[in-house]
Number of protein chains: 4
Amino acid sequence: MVSPTNPSKAGSSAGARSRHATRERLLESGRLLFAKHGLHGVTTHDIAHGAEVAAGTFYLHFKNKRELFREIIDGAVSELIELIDHQVEPYIEANDLAGVVQAQVEALVDFAEEHREEIRMLFSADSDAAAVGTDVLNLLASTIAEGRRELMEAGVAPKDVDPGVLGQAMVGMCAQVLSWWSEDPSRVTREALIESLTRIQRSGTHPV
Amino acid sequence: MVSPTNPSKAGSSAGARSRHATRERLLESGRLLFAKHGLHGVTTHDIAHGAEVAAGTFYLHFKNKRELFREIIDGAVSELIELIDHQVEPYIEANDLAGVVQAQVEALVDFAEEHREEIRMLFSADSDAAAVGTDVLNLLASTIAEGRRELMEAGVAPKDVDPGVLGQAMVGMCAQVLSWWSEDPSRVTREALIESLTRIQRSGTHPV
Amino acid sequence: MVSPTNPSKAGSSAGARSRHATRERLLESGRLLFAKHGLHGVTTHDIAHGAEVAAGTFYLHFKNKRELFREIIDGAVSELIELIDHQVEPYIEANDLAGVVQAQVEALVDFAEEHREEIRMLFSADSDAAAVGTDVLNLLASTIAEGRRELMEAGVAPKDVDPGVLGQAMVGMCAQVLSWWSEDPSRVTREALIESLTRIQRSGTHPV
Amino acid sequence: MVSPTNPSKAGSSAGARSRHATRERLLESGRLLFAKHGLHGVTTHDIAHGAEVAAGTFYLHFKNKRELFREIIDGAVSELIELIDHQVEPYIEANDLAGVVQAQVEALVDFAEEHREEIRMLFSADSDAAAVGTDVLNLLASTIAEGRRELMEAGVAPKDVDPGVLGQAMVGMCAQVLSWWSEDPSRVTREALIESLTRIQRSGTHPV
DNA sequence: GATGAATGAGTATTCATTCAT
DNA sequence: AATGAATGAATACTCATTCAT
């Protein structure tokens, strides 16, 4: 994964580099398997096997299966948030609200395209994984709710849609649509997907 | 569950009544536990214990854990569909489309109020339960998509929202919102919930 | 099985007659099932089901599964011994030793033809059934050994074949051959079977 | 089992040696227990306990109970066949048919002396084990039958003994006698056993 | 006598986790 | 750091047997 001769990693010892590589292999193996079979459908042996390391090696890198799962989720979410922030920023500065919605949707779709596995993990809410994934989704939902509340108070958004409900609704919508689309991206073109989500979202978010 | 003095059941033998009662206890125990801990988080012993019967008794009534799960889900879905059909019917006859949307939402909320456990099971998409629950949700999604497609062709709905995406979006939205609301119905009043969902749904469904 | 109007049973009450019939049904069901699947391969429920009675009824007639098994075996063995004695008797009185061997073999083959199931049970030595079946076979083997010993002492049989070994050998031979033949009687004609067994047996039993 | 100081195994890692040792302990434990209690009378826990390993360890070495059983049987049969072939060979080359029979019997008895447990397993035909053991015995029986058929056609053996019957008879005889003798070898001396079996067998095999 | 629902001990098998090498 | 054999608790499912009706 990380070339041992990569000069940018020159500071780390040979052992450390190798350690890092093993860790990455395990993460990658976990991503693939969890996405396909869920938290329960995968054993630590499976993950180790997929990473081409011995069973015990798993525990040199992760405290347990849950921790690996959480790490993958957390990594994905950080990346997603960063991506959204980055793409949305110019529209915020320009005060272009329609642009913000569109940029958000585009960021989500971009992410889904690149990280099918994480999308499926994130939004598949395996009841045990819930303890992990739900936090994140709820965070997202309350962020949306909060933004909406501000818009409402500013008189920009209608008052007959509860912000809490809207936050949950938006999250549920994206989760479902993205994980459906990830399974088979040929179902709709990227453009149609973005257009549709933006439309629905906009109509839900703005006054009719 | 079944009143022993119910004269309409007078024909069934004592044994039959008892059998039926045990079965219902198991179903009820399953509903409660699955809703709280998901398919994996519950053992057949737990369910039997919750129903106050011996472990082996479980298998006199259900082939295995999955079958009980599926039975609960299927029962809930049938009831839900019936409920929706019933409440929507008058508006369809009156050709009142806005009324249809509102009635659908009300039916969903009514159901969620009465069947918290089933809602959580139905929409929690435990990755293993998926095989059971997903069918149902996909059915729902394609029904919505189909309806939308007809509206589009009739020129009533705008063409820039893909029907497939819309179906998934609506299902995801309801799933998330209802299961969030079921957890703590004091979050929003029933009325606000219905109003919000109707609004969002209507704006997604009809031309702006 | 036993006609309820059979006057020879007139003494027994209606209840007793019915009881007897149920018992017979269970025995018959046991014979069929044990022969096909062995002691372990059959549950008491299977047997009750085969006899078209309820599960609990089994225990009104037999202490447990083993007892039914033993009863079937014992019944079969009694019948077999009686059959052999009956067919062999005239030859013994006539002092026709070759005739005795032939009659024994014929009796065994007759029995095997009529009681395929019992033959398979008797000689299939399910390790748990062993406790039941082995007694019987060992009895048979020592009877043969004893007879041989007398012949030896009378100078009629050669001394270089140990009677104990011979007894076991004869029993093993018949067990194997009869249960092989029972499975598919078209493998050899009845006559060829008798001829072959008689030949082998005679040569083992008599001086060369 | 495998001496840790055995230089020929020096190449294998400590882990491999230990793995092999555990496997052997399980096989040995299985042999002992199956011989005494049959396939059903023994649990995988019993076997693991007998091998002084934990219950789960069993499944690191064998797919399931049946597989261990089959492995023991197959190993025993291979060894037996090799032993017979080896001891019989010189007599075949010398065209000494009487010698062949005697050598076969001696090989069987030698094997029974060394492998009491396997003999009991092989010839105890536990109805469930049958699927495993029967194949082997039938193979043996048809080999004998085939040999006999050739002798018949060559005019060396009498035509009034059916080869199929003879094959089954011989197998049944040996199975019974060897397993009887294994239980308590003091019943007859080794020599008397060989002499007796040879006699019976020869008289069955050759013209009187 | 018959019924059949209920019992609960028993058993095969899996898998997260540890640890000696 | 890595290995991989071993562990043993956990769990789904079976079945002989009992007993209230």
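So that the names make sense, note that chain A is the first sequence line, chain B the second, and so on, each numbered from 1. A quick note: this is a predicted structure, and the numbers were derived from the prediction, not measured.
- Where C:V53 and D:K65 each meet DNA chain E at their nearest nucleotide, the meeting point lying more 5' is that of C:V53.
- The side chain of D:T44 contributes an N or O atom lying less than 4.0 Å from OP1 or OP2 of E:dA12.
- Atom pair A:H49:NE2 and F:dT3:P shows a separation of 13 Å (rounding to whole Å applied).
- Whole-Å rounding puts the A:F62 CZ to F:dA2 C1' distance at 15 Å.
- Checking F:dA6, E:dA2, E:dA12 against every side-chain atom of D:Y59, the shortest atom distance belongs to E:dA12.
- Between B:R31 and B:E28, at least one side-chain nitrogen of the basic residue sits less than 4.0 Å from a carboxylate oxygen of the acidic one, meeting the salt-bridge criterion.
- Residue-to-nucleotide proximity on DNA chain E shows that, of B:G56 and A:G56, the 5′-proximal contact is made by B:G56.
- The interatomic distance linking B:E24 (CD) with E:dA5 (P) rounds to 15 Å, in whole Å.
- For A:R19 and F:dT3, the CZ to P distance is 13 Å, given to the nearest whole Å.
- We find that CG of A:L26 is positioned 10 Å from P of F:dT3, with the value rounded to whole Å.
- Between C:V42 and C:L33 the shortest heavy-atom distance is CG2-O, 3.4 Å.
- Look at NE2 on A:H20: it is 18 Å from C1' on F:dA2, rounded to the nearest Å.
- A 4.5 Å side-chain heavy-atom check between D:F34 and D:K65 finds at least one atom pair inside the cut-off.
- In this entry E:dA12 has F:dT11 as its Watson-Crick or G-U wobble partner, both defining distances falling under 3.5 Å.
- An OP1 or OP2 oxygen of F:dT7 is reached within less than 4.0 angstrom by a side-chain nitrogen or oxygen of D:T57.
- Two residues, D:A55 and C:N64, neighbour DNA chain F, and the one matched to the more 5' nucleotide by heavy-atom proximity is D:A55.
- Side-chain N/O atoms of B:S18 include one lying less than 4.0 angstrom from OP1 or OP2 on E:dA6.
- C:T22 has a side-chain polar atom (N or O) that falls below the 4.0 Å cut-off from OP1 or OP2 of E:dA2.
- Computed from coordinates, the D:F58 CZ to E:dA12 P distance equals 9 Å when rounded to whole Å.
- In this entry F:dA20 has E:dT3 as its Watson-Crick or G-U wobble partner, both defining distances falling under 3.5 Å.
- Among A:T43, A:N64, A:L68, A:T22, the single residue meeting the side-chain contact (heavy atoms from CB on, under 4.5 Å) criterion with A:F58 is A:L68.
- With hydrogens and angles disregarded, a donor-acceptor distance shorter than 3.5 Å links the side chain of B:E67 to the backbone of B:K63.
- Atom P of nucleotide E:dT17 and atom CG of D:L60 are separated by 17 Å, given to the nearest angstrom.
- Listed nucleotides E:dT7, F:dC13, F:dT17 differ in distance to B:A54; the shortest reach to its side chain belongs to E:dT7.
- Residue A:H61 is the one, among A:H61 and A:H45, whose nearest nucleotide of DNA chain F lies closer to the 5' end (criterion: closest heavy atom).
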